[in-house]
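Whatever order the structure lists them in is the order used to number ligands and atoms, beginning at 1.
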Amino acid sequence: MTDSTIIYTHTDEAPALATYSFLPVIQAYASTAGVTVETRDISLAGRIIAAFPEYLTEDQRIPDALAELGELVNTPGANVIKLPNISASIPQLKAAIAELREQGHALPDYPDDPKTDEQREVRARYDRIKGSAVNPVLRQGNSDRRAPASVKNYAKTHPHRMGAWTPESKTNVAHMTADDFRSTEKSAVIAEAGSLRIELVGDDGSTTVLRESVPVRAGEVVDASVMRVAALREFLTAQVARAKAEGVLFSVHLKATMMKVSDPIIFGHVVRAFFPNTFAKYAETFAAAGLTPNDGLGGIFRGLESLPDGEEIKASFDAELAAGPELAMVDSDRGITNLHVPSDVIVDASMPAMIRTSGHMWGPDGQEHDTLAVIPDSSYAGLYQVVIDDCRANGAFDPSTMGSVPNVGLMAQQAEEYGSHDKTFEIPTTGTVRVLDEAGNAVLEQTVGAGDIFRMCQTKDAAIKDWVKLAVTRARATGDPAVFWLDRDRAHDASLIAKVERYLPEHDTEGLQIEIKSPVEATAFSLERIRRGENAISVTGNVLRDYLTDLFPILELGTSAKMLSVVPLINGGGLFETGAGGSAPKHVQQLVKENYLRWDSLGEFLALAVSFEQFAQTTGNARAQVLADTLDRATETFLNEDKSPTRRVGGIDNRGSHFYLALYWAQELAKQADDADLAKAFVPLAETLTSQEQKIVEELLAVQGSPADIGGYYNPDPAKAAAVMRPSPTLNQALATLAV
Ligand SMILES: NC(=O)C1=CN([C@@H]2O[C@H](COP(=O)(O)OP(=O)(O)OC[C@H]3O[C@@H](n4cnc5c(N)ncnc54)[C@H](OP(=O)(O)O)[C@@H]3O)[C@@H](O)[C@H]2O)C=CC1
Ligand SMILES: O=C(O)CCC(=O)C(=O)O
Ligand SMILES: [Mg+2]
C-alpha cells in the first residue's frame with residue numbers, strides 16, 4: 001500500500017455483493033488517474049479465518065486485514081472507504097463458523113462453556129470477533145453525517161411513503177426511571193495520565209480484580225454506572241403486564257450487536273420476564289443443556305429438539321406466549337418473534353422504522369399494530385417518546401417539506417459506551433466495584449448486587465476537543481444552529497458540558513447559534529424546526545450519533561443508506577463510511593431467491609467522491625479531483641433520472657444502478673474541460689455505454705426472477721458472486737477497454 005492507494009473494504013451481505021458489481025467500475029475509472037483501489041477483507045468470515053491460521057491449510061489462511069487497517073487509520077495518508085459490516089451476535093457468529101466448516105475450513109466450534117485452556121483461548125479469539133469489532137478500530141475520528149443537498153432535494157421531489165399517524169395511537173416507549181445506567185452514573189475527569197484498576201470488593205471480604213489496568217490520559221472523562229438487575233426485572237415484568245393491559249404489541253429495542261456485553265444480558269432478562277414460569281421451572285435443564293436466553297428464543301427452541309423433556313418445555317413456552325401480550329414479530333410468516341434473535345431488532349434502525357410506519361410493528365397475525373417499545377435504560381429512550389408524541393399531535397412528517405438534522409458525532413478513540421465492552425461486567429457477588437488510580441485512591445465507586453451489570457466508559461480529551469471543533473466548522477459552513485445534546489442532570493454529560501464550555505471560546509463562534517440542550521429538549525427543538533422546513537445540526541455523543549443518523553435520515557430520506565458519512569481522522573486522512581445503514585440481511589435473501597438486489601449504493605457513490613477529493617488534496621493528483629467533481633455531477637444526474645434500485649423484480653436493481661452511474665460518470669468525464677487527455681480517454685466509453693444502454697439494461701434485467709447461487713451466505717464464492725453480480729457481457733467488455 002502506498003500513498004496512491006485508496007482502500008475499499010470487503011465486508012458482508014448486501015454491501016459485499018454490491019462490491020462485486022461496483023468495484024470493477026471504480027477500479028477502471030480510478031486507474032485513469034493512476035489511483036489504485038485495493039480491497040481489504042474485514043468481513044465476518046474473513047476475520048474468523050484470519051484469527052485461526054494454525055487450524056487452516058496454507059492456502060486457506062488470510063492476513064489480519066483489520067489489524068493492518070487499524071494501524072493505517074492512524075496515519076495522515078489514510079484513505080479508506082468503509083462499507084457496513086456484520087456486527088455479529090452469537091447466533092450469527094455460530095452460523096458463520098458452521099458455514100466455513102462446511103466449506104472445508106477446519107475451524108474450532110465456538111465453546112459455549114470453555115473448560116480447557118485451549119477452549120478458553122478459542123473462546124477469547126471468537127469473542128474478539130463478535131459484536132461491533134470493526135467500527136471501533138477504524139473510527140479514529142469523529143463523525144460528520146449528513147444528506148448532501150442533491151440527496152435532500154431528490155427526497156423532496158420524490159417523497160417516500162410515510163405511514164399516517166392518528167391522535168388515538170397507543171404506541172409508547174417504556175424506560176426505567178431509577179437504578180439504570182443513566183440514573184446511577186458517576187463521572188470523573190482524570191488529572192494525570194496513568195492507569196486505573198477495576199476491582200470488586202465483595203461483602204464477604206473477597207477482592208476480585210475485574211481489569212488489572214485501564215490506561216488513561218490526562219483530561220479524559222471516565223464514568224462508572226450500573227444496571228441493577230432487580231430493578232430491571234421488576235421494570236420488565238411491569239411492561240409485559242402494561243402491554244397486555246393496553247392491548248398493544250410488546251417489543252424490546254436494544255443494541256445487542258454494538259453493546260456486545262451488556263445488551264445480550266439485558267435481552268436475556270427480557271426473555272425471562274416474558275416467560276417467568278418456564279424459566280423458573282426449567283432453569284436447571286437450560287443450564288445443563290447450555291441454553292441461554294441471552295441468545296434468544298430461536299437458539300433455545302432449536303436446543304429443545306434434542307432434550308428428552310423438550311416437548312413439555314416447548315408447551316410451557318407456548319402457554320406463556322398465549323397468556324402474555326402479543327409479541328412484535330420480525331417475520332410473522334415464519335413465526336420469528338422479536339425475542340428470537342438478539343440481533344434481529346436493533347434500536348437505531350428499528351425505532352425509526354416503527355415511527356415511519358404509523359408507530360406500528362407487525363403482530364403475529366401479520367398485521368400492523370400499536371406497540372409498547374421497551375428501551376430499558378433511560379439515557380436516550382426519552383427522545384423517541386418525544387418523536388412519537390409529536391407525530392400523535394401533528395401527524396406524520398412530510399418528506400417533501402421537512403428540514404434536516406445532520407449529525408456531528410463524538411466517536412473518536414472508542415468514545416463513551418461504544419468503547420466500554422472490556423470494562424463491562426456481570427457482577428457475580430454483592431459488594432462494591434472500585435475504580436482505583438495507581439496510588440490506590442478510588443476515582444469512582446459503585447455498590448453492586450449479584451447479577452448487576454457494571455460498566456465503565458472512557459472519553460478522551462483530544463476526541464472531545466476535535467468534536468467541538470467539527471461542530472463549529474459545520475455550523476459555520478451551513479449557518480444552521482448547532483445543538484449539543486447534553487443533559488446537565490446526567491453525570492457524564494455534566495463533565496462534557498464543562499469541556500464544551502471550555503473549548504468553544506477557542507473558536508470563532510461570532511454570529512453562530514450554538515446551544516446545549518438535554519436530549520429530550522433537543523429533540524423537541526429539532527422537530528419544531530424540521531416541521532417548519534428548517535435544519536438543526538445535532539452535536540451528540542456516540543450512541544446518539546448512531547440513533548439519530550438512522551432516525552432522521554429514515555424520516556427524511558426513507559433510508560439512512562443515502563447519507564454522506566465522513567470521518568476526518570484525528571491524525572489526518574479520512575475514513576469514508578457508506579451511508580449509516582447496515583448490511584440488511586433480507587436483501588441477500590431476496591437475491592438468492594429471485595436474483596434481485598435492492599441494495600442502494602448511493603452511500604458508496606457519495607463516499608467515493610469525497611475519497612477522491614481527499615486523495616487529490618493529500619497527493620496533489622489533479623486527475624483525482626476531476627474524478628471527484630465528475631462523480632458528484634454524475635450522482636446528481638443519477639438522482640434526477642431516478643436510477644436508484646426499485647424494490648421489485650422487473651425494475652433495475654443494484655447492478656442496473658451501477659451501470660447508470662458508470663454511464664453518467666463517463667459522460668461527465670468525456671465532456672469536462674479540466675483535463676483534455678482524460679476527456680479523450682473517456683469519449684469512446686461514454687459513446688459505447690450511451691449507445692448500448694438498452695442492450696445492457698436488457699442483459700441486466702434478463703437474469704432476474706429465478707434463484708441465484710452465490711455459494712455461501714457469510715463466505716460467498718468469489719467467482720460465483722462475481723458472475724451473479726456482473727451479468728452483462730456488453731458492460732463488462734466496455735469497462736475492460738478503458739485505457740488512458
Ligand atoms: N456501519 C456498519 O457497519 C453497520 C452495520 N450494521 C449491521 O448490519 C446488520 C443489520 O442491521 P439492522 O439494524 O437491521 O440495519 P440495516 O440498516 O441493515 O437495515 C435496516 C433497513 O434499512 C434499510 N437499508 C439500509 N441500508 C440500505 C441500503 N443500502 N439500501 C436499501 N435499504 C437499506 C432497509 O430498510 P427498508 O427495507 O425499510 O428500506 C433495511 O431493511 C447487522 O449485522 C448490524 O450489525 C448496522 C448498521 C451499521
Ligand atoms: O458497528 C456497528 O455495529 C453498527 C454501527 C452503526 O449502527 C452506526 O454507526 O450507525
Ligand atoms: Mg447505526
Side-chain angles (χ1 to χ4, degrees), residues 9 11-19 22 42-44 81-89 91-93 95-96 130-139 143 145 160-163 253-260 263 330-331 341-357 407 409 411 414 417-419 421 540 542-555 557-563 565 567 575-590 597-607 644-648 653-654 657 714:
T9 53
T11 59
D12 309 276
E13 297 180 331
L17 292 171
T19 301
F22 188 41
I42 53 167
S43 67
L44 176 60
I81 298 176
K82 156 70 176 61
L83 281 75
N85 64 286
I86 293 181
S87 294
S89 61
Q92 285 174 306
L93 186 57
K130 88 174 178 202
S132 180
V134 169
N135 285 327
V137 174
L138 300 185
R139 290 173 165 173
S143 115
R145 286 186 183 178
H160 53 276
R161 208 184 64 81
M162 292 282 261
H253 302 260
L254 292 163
K255 185 101 184 176
T257 50
M258 200 132 178
M259 297 308 298
K260 59 183 171 184
D263 284 20
V330 168
D331 185 340
V341 184
S343 53
D344 271 353
V345 178
I346 307 182
V347 57
D348 55 340
S350 63
M351 286 301 295
M354 182 183 95
I355 292 165
R356 187 182 58 180
T357 319
N407 181 263
M411 185 171 84
Q414 312 201 355
E417 293 94 325
Y418 285 174
H421 319 304
T540 70
N542 213 349
V543 174
L544 280 174
R545 167 200 62 76
D546 184 23
Y547 291 9
L548 301 191
T549 58
D550 266 343
L551 175 63
F552 290 108
I554 287 173
L555 298 179
L557 315 172
T559 169
S560 51
K562 296 182 194 272
M563 296 289 277
S565 184
V567 185
L575 173 70
F576 307 99
E577 298 198 39
T578 74
S583 36
K586 66 187 179 196
H587 294 180
V588 187
Q589 287 155 14
Q590 190 183 12
L597 185 66
R598 56 165 287 246
W599 177 259
D600 186 335
S601 283
L602 189 63
E604 283 104 283
F605 305 161
L606 299 171
S644 294
T646 58
R647 280 179 171 235
R648 269 176 291 281
D653 75 349
N654 179 263
S657 75
Y714 292 98

Has the side chain of D348 got a donor or acceptor atom that lies under 3.5 Å from a matching backbone atom of D550?
no
Any K255 heavy atom less than 4.0 Å to ligand 2
yes
Is the distance between the Mg ion (ligand 3) and the nearest N/O/S atom of D550 smaller than 2.8 Å?
no
Could you list the atoms of ligand 1 found under 4.0 angstrom from a heavy atom of N135?
1 (N), 2 (C), 3 (O)
To check your reading of the model: name the closest protein heavy atom to atom 9 (O) of ligand 2, its residue, and the distance in Å.
R139 NH2, 2.7 Å
Considering only the protein, which heavy-atom contact is closest to atom 44 (C) of ligand 1, and what is its distance?
I346 CD1, 4.0 Å
Just verifying a value: how many Å separate N407 CG and Y547 OH, rounded to the nearest 0.5 Å?
13.5 Å
Hey, is ligand 1 close enough to N85 that some N/O pair sits below 3.5 Å?
yes
What heavy-atom pair brings P645 and R598 nearest, and what distance separates the two atoms?
CB-O, 3.9 Å
Would you verify that at least one protein heavy atom lies under 4.0 Å from atom 29 (N) of ligand 1, or report that none does?
yes
Of all the atoms in ligand 2, which lie at a distance below 4.0 Å from a heavy atom belonging to D348?
7 (O)
Looking only at protein heavy atoms, what sits closest to atom 10 (O) of ligand 2 is D546 OD1, 2.8 Å
Does the protein come close to atom 21 (C) of ligand 1 - that is, does one of its heavy atoms sit below 4.0 Å from that atom?
no
How far apart are the closest heavy atoms of S343 and Q92, and which atoms are they?
OG-OE1, 3.4 Å
Between the main-chain N or O of L597 and the side-chain N or O of N654, is there a donor-acceptor pair closer than 3.5 Å?
no
Atoms of ligand 1 under 4.0 Å from any heavy atom of R356, numbered from 1 in the order shown, are 38 (O)
Any heavy atom of V134 under 4.0 Å from ligand 2? The part involved is neither
Measuring only between side-chain heavy atoms, which start at C-beta, is T559 closer than 4.5 Å to H160?
no
How close do D546 and T549 get, heavy atom to heavy atom, and via which atoms?
O-OG1, 3.3 Å
Should A584 be counted as touching ligand 1, given the test is an N or O pair under 3.5 Å?
yes
Distance-only N or O hit between ligand 1 and D600, under 3.5 Å
yes
Please check atom 38 (O) of ligand 1 for a protein heavy-atom neighbour under 4.0 Å.
yes
Heteroatom distance test (D344, ligand 1): nitrogen or oxygen, under 3.5 angstrom
no
Run the numbers on R145 and S565 for side-chain hydrogen bond (donor to acceptor under 3.5 Å, both in side chains), then give the verdict.
CA-CA 4 Å; R145 286 186 183 178; S565 184; 3.1 Å; yes
Measure the distances from the heavy atoms of R545 to every atom of ligand 2 and state whether one is below 4.0 angstrom.
yes
Tell me the protein heavy atom at minimum distance from atom 4 (C) of ligand 2, and give that distance in Å.
M258 SD, 3.5 Å
Any atom of ligand 2 sitting under 4.0 Å from a heavy atom of R145?
yes
Which of the atoms in ligand 2, numbered in the order shown and given with their element, are less than 4.0 Å from a heavy-atom of N135?
1 (O), 2 (C), 4 (C), 5 (C)
Please list the nearest protein heavy atom to atom 46 (C) of ligand 1 with its residue and the distance rounded to 0.1 Å.
G582 CA, 3.2 Å
M563: heavy atom below 4.0 Å from ligand 2, yes or no?
no
Without swapping roles, check the side chain of S560 against the backbone of P553 for a donor-acceptor pair under 3.5 Å.
no
Suppose we measure from atom 24 (N) of ligand 1 to each protein heavy atom; which comes out shortest, and what is that distance?
T559 OG1, 3.7 Å
Any side-chain heavy atom of I554 sitting closer than 4.5 Å to one from I355?
no
Nearest 10°: the angle subtended at the Mg ion (ligand 3) by D348 OD2 and D546 OD1?
80°
Which residue owns the protein heavy atom closest to atom 41 (O) of ligand 1, what's the atom, and how far is it?
K586 CE, 3.1 Å
Close N or O approach (D348, ligand 1; < 3.5 Å)
no
Just wondering, do P342 and P91 contact through their side chains at under 4.5 Å, heavy atoms?
yes
Just let me know how S87 lines up against ligand 2, side chain, backbone, both or neither, with a heavy-atom cut-off below 4.0 Å.
side chain
Taking 4.0 Å as the limit for heavy-atom contacts, which would you say applies to M563 with ligand 1: side chain only, backbone only, both, or neither?
neither
May I ask you to list the atoms of ligand 2 that are less than 4.0 angstrom from any heavy atom of S132?
1 (O), 2 (C), 3 (O)
Using heavy atoms and a 4.0 Å limit, tell me yes or no: is K82 in contact with ligand 1?
yes
Between L44 and N85, is there a side-chain heavy-atom distance shorter than 4.5 Å?
no
Just by modelled atom types, is the L83 backbone N or O under 3.5 Å from a matching donor or acceptor in the T9 side chain?
yes
Would you check if K255 and I346 make a side-chain contact, meaning some heavy-atom pair closer than 4.5 Å?
yes
Does any non-hydrogen side-chain atom of T257 lie less than 4.5 Å from one of S132?
no
Minimum-distance protein heavy atom relative to atom 26 (N) of ligand 1:
W599 CZ3, 3.5 Å
Find all atoms of ligand 2 within a distance of less than 4.0 Å from any non-hydrogen atom belonging to A580, and give their numbers and elements.
10 (O)
With heavy atoms of S87 as the reference, note each atom of ligand 1 found under 4.0 Å away.
43 (O), 45 (O)
Exercise: identify the closest heavy-atom pair between W599 and E604
NE1-OE2, 3.1 Å
For the backbone of L575 and the side chain of K82, can you confirm whether one donor and one acceptor N or O come within less than 3.5 Å of each other?
no
Specify the protein heavy atom at minimum distance from atom 9 (C) of ligand 1: its residue, its atom name, and the distance to 0.1 Å.
S583 OG, 3.2 Å
Note: K260, heavy atoms under 4.0 Å from ligand 2, region reported as neither
heavy-atom search around atom 31 (C) of ligand 1 in the protein gives H587 CE1, 3.4 Å
